[in-house]
Amino acid sequence: MPELPEVETIVCSLRNPADRAFAEGQSLRERPGIVGRQVAGARLNWAKTLALPDWQQFQQEVTGQTVQAVTRRGKFVVIPMGTNTLLFHLRMSGDLRVEPQDAAEQKHDRLLLDFSDGTRLSFNDPRKFGRAWWATDVQSVLGDLGPEPLDEGLTGQEMYARWHRSSRAIKTLLLDQSLLAGVGNIYSDEALFLARIHPLTPGNCLTPVQAEALLAGVRQVLHEGIERNGASIDWVYRGGDFQNYFRVYQRTGEPCTVCGTPIERRVIGQRSSHFCPHCQSFTGCS
DNA sequence: CCGTGGTCCTGTAGGC
DNA sequence: TGCCTACAGGACCACG
Ligand SMILES: [Zn+2]
């Protein structure tokens, strides 16, 4: 589930003042954060969740460390703690929650950090695809990531150069984290719709103008997603409402918001892709 | 280099 | 009620 806007929303909530009190029905924006809290102990309920290092070493080294900051890189949550950094990738169903230690452990909690002030951070992940790393060198985990789409220094020309090198479908290229970090299945469909580009368009058929428009579309949908606290679908991830503003994603058969043509769904690179066959007609390529 | 199919997992929706 | 299949915010691998 979580793509850049959902991860950004979670990261922001973890950065909230840590001295806030817990309350019933708090939104993500209202909840207390974790910066400044000290780890008193850790628990691992699913071995594979901890990618590196082994549990023994992790548990030993993380205990006593203090949360210095919470940041985001692509879809990764980055938490510097002393000389090491704790990283999470939420994959399809991961979530990070802050709660009092006396609260009952939740179903699907995979990794828990107990803080010395009586609170805890829990990594909840029903599908078990999510991973955590405890790394001295952050680049060993984040090294292959492409640029941040919301970095103002990133230009359309740069993305044109990156996308133009490949003959793969632009839908697939948008999901390639080494070309651009943070975009997933929802936001790639939405961005292609805004840029009026057919998802099967080969990267090397894109024009510089289209690349510019696509980066602008990516930025717009990411901003919208962040504004709405991300998208909440099914039982995974709660708190956002961008799902109520989808233009094409999971709207198969429903009318295009621009021209009324039924939205089409087809599988591209093992992922379902939704688009308007009229607004996003393939313009051709030499 | 490219596309395809399989893997890792649990949960839900829909057809019968 | 079940039972069965398809599908889901992601990423990685082997193969031809
Ligand atoms: Zn349309």
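Per chain, numbering begins at 1; letters A, B, ... match sequence-line order. These numbers come from a predicted model, not from an experiment.
- Distance from the side chain of Arg271(A) is smallest to dG10(C) among dG10(C), dC8(B), dT10(B).
- Every salt bridge (charged side-chain N to carboxylate O under 4.0 Å, His left out) that Arg162(A) has, sequence neighbours left out, goes to Glu158(A).
- Partners of Asn84(A) by side chain to side chain donor-acceptor pair (under 3.5 Å), not counting sequence neighbours: none found.
- For the side-chain hydrogen bond (donor to acceptor under 3.5 Å, both in side chains) with Ser188(A), the qualifying choice from Lys171(A), His274(A), Arg271(A) is Lys171(A), the only one to do so.
- Gln68(A) is linked by a side chain to side chain donor-acceptor pair (under 3.5 Å) to nothing, counting only residues two or more places apart in sequence or in another chain.
- Below 30°, between 30° and 60°, or above 60°: for Phe76(A) and His89(A) the angle between ring planes is above 60°, a perpendicular geometry.
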Legend entry - Under the 3.5 Å Watson-Crick or G-U criterion, the dot-bracket string of DNA chain B, with | for inter-strand pairs: .|||||||.|||||||
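- Atoms CG (Leu180(A)) and P (dG10(C)) sit 13 Å apart, rounded to a whole Å.
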Could you tabulate the donor-acceptor pairs under 3.5 Å formed by side-chain atoms of residues 211-222 of chain A, not counting sequence neighbours?
residue, atom, partner, partner atom, Å
Arg219(A), NE, Pro149(A), O, 2.7
Arg219(A), NH2, Pro149(A), O, 3.4
Arg219(A), NH2, Asp151(A), O, 2.9
Arg219(A), NH2, Leu154(A), O, 2.8
Gln220(A), NE2, Glu224(A), OE2, 3.0

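- Straight-line distance from the CG atom of Asn124(A) to the P atom of dC9(B): 16 Å, rounded to whole Å.
- Rounded to whole Å, atom P of dC12(C) lies 11 Å from atom CZ of Arg131(A).
- dT5(C) and dG6(B) have their P atoms separated by 15 Å, with the value rounded to a whole Å.
- For dC4(C) and dC9(B), the P atoms lie 22 Å apart once the distance is rounded to whole Å.
- Taking the nucleotide of DNA chain C with the nearest heavy atom to each of Ser232(A) and Gln270(A), the more 5' of the two is matched to Ser232(A).
- Note on His108(A): every side-chain N or O is 4.0 Å or more away from OP1 and OP2 of dC9(B).
- Set against dT10(B), dC9(B), dG10(C), the side chain of Lys48(A) has dC9(B) as its closest nucleotide.
- Side-chain N/O atoms of Arg91(A) include none lying less than 4.0 angstrom from OP1 or OP2 on dC8(B).
- If you measure from atom CG of Asp176(A) to atom C1' of dG10(C), you get 13 Å, rounded to the nearest angstrom.
- We find that CG of Leu200(A) is positioned 14 Å from C1' of dC2(B), with the value rounded to whole Å.
- The CD1-P distance, from Ile233(A) to dA13(B), rounds to 13 Å in whole Å.
- Under the 4.5 Å side-chain criterion, counting only non-hydrogen atoms from C-beta, Asp189(A) is not in contact with Phe246(A).
- Residues forming a ring-ring contact (aromatic ring centres under 6.0 Å, His included) with Phe115(A) (at least two apart in sequence, or on another chain): none.
- Remark: Glu148(A) engages Arg73(A) in a salt bridge, criterion side-chain N to carboxylate O under 4.0 Å.
- dC8(B) has Phe129(A) stacked on its base ring, the centres lying under 5.5 angstrom apart and the planes within 30 degrees of parallel.
- Of the residues near DNA chain B, Asp234(A) and Ser166(A), the one whose nearest nucleotide (by heavy atom distance) lies more toward the 5' end is Ser166(A).
- Contacts with DNA chain C (heavy atom under 4.0 Å) in residues 243-258 of chain A: Tyr249(A), Gln250(A), listed by number.
- Residue contacts shown for Ser167(A) are limited to sugar-phosphate atoms, with no base heavy atom under 4.0 Å away.
- For Arg37(A), the side chain to side chain donor-acceptor pair (under 3.5 Å) criterion is met by Asp117(A), Thr119(A), not counting sequence neighbours.
- Looking at Arg20(A) and Glu30(A), no side-chain N of the basic residue comes within less than 4.0 Å of a carboxylate O on the acidic one, giving no salt bridge.
- Listed by residue number, there are no residues of residues 187-195 of chain A with a heavy-atom contact under 4.0 Å to DNA chain C.
- Rounded to a whole Å, the CG atom of Leu174(A) is 12 Å from the P atom of dG10(C).
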Listed pairs, N/O of protein and of nucleotides 5-7 of chain C, under 3.5 Å:
none

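- Here Phe242(A) and Tyr187(A) bring their ring centres to under 6.0 angstrom of each other.
- An OP1 or OP2 oxygen of dC8(B) is reached within less than 4.0 angstrom by no side-chain nitrogen or oxygen of Lys128(A).
- Sorted by first then second residue, the ring pair (Phe, Tyr, Trp, His ring centres under 6.0 Å) pairs that include residues 203-224 of chain A, not counting sequence neighbours, number zero.
- Between Leu206(A) and Thr201(A), some side-chain heavy-atom pair lies under the 4.5 Å cut-off.
- Considering only residues two or more places apart in sequence or on other chains, Thr261(A) meets the side chain to side chain donor-acceptor pair (under 3.5 Å) condition with none of them.
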Inset, instruction - Kindly determine whether Cys259(A) and Cys279(A) satisfy disulfide bond (SG atoms under 2.5 Å apart), including the steps that lead there. - result: CA-CA 7 Å; Cys259(A) 74; Cys279(A) 295; 3.8 Å; no
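- We find that CD1 of Ile268(A) is positioned 13 Å from P of dA8(C), with the value rounded to whole Å.
- Distance noted for atom C1' between dC3(C) and dC8(B): 25 Å (whole Å).
- The C1' atoms of dT1(C) and dT10(B) are separated by 22 Å, rounded to the nearest whole Å.
- When the nucleotides dC2(B), dA8(C), dG10(C) are ranked by their closest atom to the side chain of Glu3(A), dG10(C) comes out on top.
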